[in-house]
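So the structure is just underneath, and the comments pick up after that.
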Amino acid sequence: MTIAFLFPGQGAQAVGMGKDLYDAVPAAKAIFDEADQALGFSLSGLCFEGPEETLTQTINTQPAILTASIATLEAARERLQAKGLTPSFAAGHSLGEYSALVAAGAMTFTDAVRLVRERGRLMQAAGDEREGAMAAVMGMPETTLSEICAEAGVDMANLNSADQIVISGSKEGVEAAQKLAEERGARRVVALRVSAAFHSSLMDPAVPGMRSALASATISAPGFPVIGNVTAQPLATAEDITDELASQIRNSVQWFRTVEYLRDNGADTFVEIGPGTVLTGLVKRTFAEAETINIGNLEQLEALSG
């Protein structure tokens, strides 16, 4: 059994996330308390009580999901070890990459939560500068969709599986690409409710600020391989990590290629840690034989001991 830990990205948030773990497990409470102290406001209260419209603002969502994910990891640490679920790899989807790097010891949680708060601020500011949109395209070959994106002047943002790709860019560009995808045989095209065109060229204004923020953090080589979103290859050095985190804001998340890398390098058991179950579902689309485990709440944590 070779284990990969997976960490969710934006969209996994829900009011109440982490509250049961906070109440029951001191290690989880300590992480939420550390986040509140690092950010100077009650992020824990926002996670537990909302309101939802405030939690879903990018500047809040990003540190909230990171905190819920790392609190879950700390709550589960002893049980994971007792089960022999020690990671050989980690990966995270977009924002989740920061959680993966914390899990691998490449940065402290305090640094990470401050960084993702700034990341959310920069990304939202870039989105406010120019209205953007995103849409999911199902059942269309990557090469065909790539041609459509070039025609419409938009980007492929999230390559979630071979038959589910999210596109991102200007509102008019995404609408044009949606129409072209439907005309050229996509099985389904769905506009997404998002506040900005993430992982597209519209995020370019956020990149210098992110690089500047990263320069203030202490980053080191990970204790085990973390697979990067941009390259779908391991991030081996602190420099690799800095370059990855600065550039992934505007580049494609190569998720299914990340899963392929993990599969091809022996990973057979995937443990998604944090809110939601999106990533284990995507793993199954690429690697149907994989074993998957979800740990996102107290019930799932207790089931781990069963």
Taking the side chain as everything from C-beta on, heavy atoms only, tell me whether [X] gets closer than 4.5 Å to [Y].
| X | Y | answer |
| --- | --- | --- |
| V283 | R263 | no |
| T108 | T218 | no |
| V166 | V137 | no |
| F270 | F5 | no |
| L80 | T86 | no |
| L6 | W255 | yes |
| L282 | T286 | no |
| I167 | M134 | no |

Which atom pair, heavy atoms only, marks the closest approach of [X] to [Y]?
| X | Y | answer |
| --- | --- | --- |
| Q62 | G120 | OE1-N, 3.7 Å |
| V116 | P63 | CG2-CA, 3.5 Å |
| V174 | A133 | CG2-O, 3.4 Å |
| L21 | T72 | CD1-OG1, 3.5 Å |
| I65 | P8 | CG2-O, 3.7 Å |
| R79 | E302 | NH1-CA, 3.4 Å |

Check: residues 87-98 side-chain donor-acceptor pairs under 3.5 Å, at least two apart:
unit_1, atom_1, unit_2, atom_2, d
H93, NE2, N160, OD1, 2.9
S94, OG, R119, NH2, 3.2
S94, OG, H199, NE2, 2.7
E97, OE1, Q248, NE2, 2.7
E97, OE2, N229, N, 3.0

Pair [X], [Y]: side-chain N/O donor-acceptor within cut-off below 3.5 Å:
| X | Y | result |
| --- | --- | --- |
| D268 | T2 | no |
| T277 | N294 | no |
| T56 | Q13 | no |

If you count heavy atoms of other groups shown closer than 6.0 angstrom to [atom1] of [X], is the number above 12?
| X | atom1 | answer |
| --- | --- | --- |
| E78 | CD | no |
| R184 | CZ | yes |
| E142 | CD | yes |
| K284 | NZ | yes |
| E239 | CD | no |
| Q81 | CD | yes |

Note to self: Out of the candidates Q57, Q124, Q10, only one should pair with S195 under the side chain to side chain donor-acceptor pair (under 3.5 Å) rule; please name it.
What the structure shows: Q124

Checklist line | Criterion salt bridge (charged side-chain N to carboxylate O under 4.0 Å, His left out) on R257 and E260, from CA distance to verdict | finding: CA-CA 5 Å; R257 291 191 173 92; E260 288 176 340; 5.1 Å; no

Spacing of [X] atom [atom1] and [Y] atom [atom2] [to the nearest 0.5 Å]:
| X | Y | atom1 | atom2 | value |
| --- | --- | --- | --- | --- |
| F109 | E34 | CZ | CD | 5.5 Å |
| M17 | C47 | CE | SG | 4.0 Å |
| R77 | L85 | CZ | CG | 13.0 Å |

Next item on the list: Quick one: do K179 and E175 satisfy salt bridge (charged side-chain N to carboxylate O under 4.0 Å, His left out)? Show the steps, please.
Entry: CA-CA 6 Å; K179 190 166 184 293; E175 287 172 354; over 6 Å; no

Check: Residues in ring pair (Phe, Tyr, Trp, His ring centres under 6.0 Å) with Y261, at least two apart?
Finding: none

Check: Could you walk me through whether R211 and E118 pass the salt bridge (charged side-chain N to carboxylate O under 4.0 Å, His left out) check?
Finding: CA-CA 11 Å; R211 192 169 284 281; E118 178 64 1; over 6 Å; no

Check: Does a salt bridge link D163 with R187, judged by any charged N lying under 4.0 Å from a carboxylate O?
Finding: yes

Notebook entry, point to check: Just by modelled atom types, is the T231 backbone N or O under 3.5 Å from a matching donor or acceptor in the Q254 side chain?
Noted result: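 Such a contact is absent between Q254 side chain and T231 backbone.
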
Notebook entry, point to check: How far apart are the C-alpha atoms of K29 and D23, what are their side-chain angles, what is the distance that settles it, and do they pass the salt bridge (charged side-chain N to carboxylate O under 4.0 Å, His left out) test?
Noted result: CA-CA 7 Å; K29 180 180 185 299; D23 289 340; over 6 Å; no

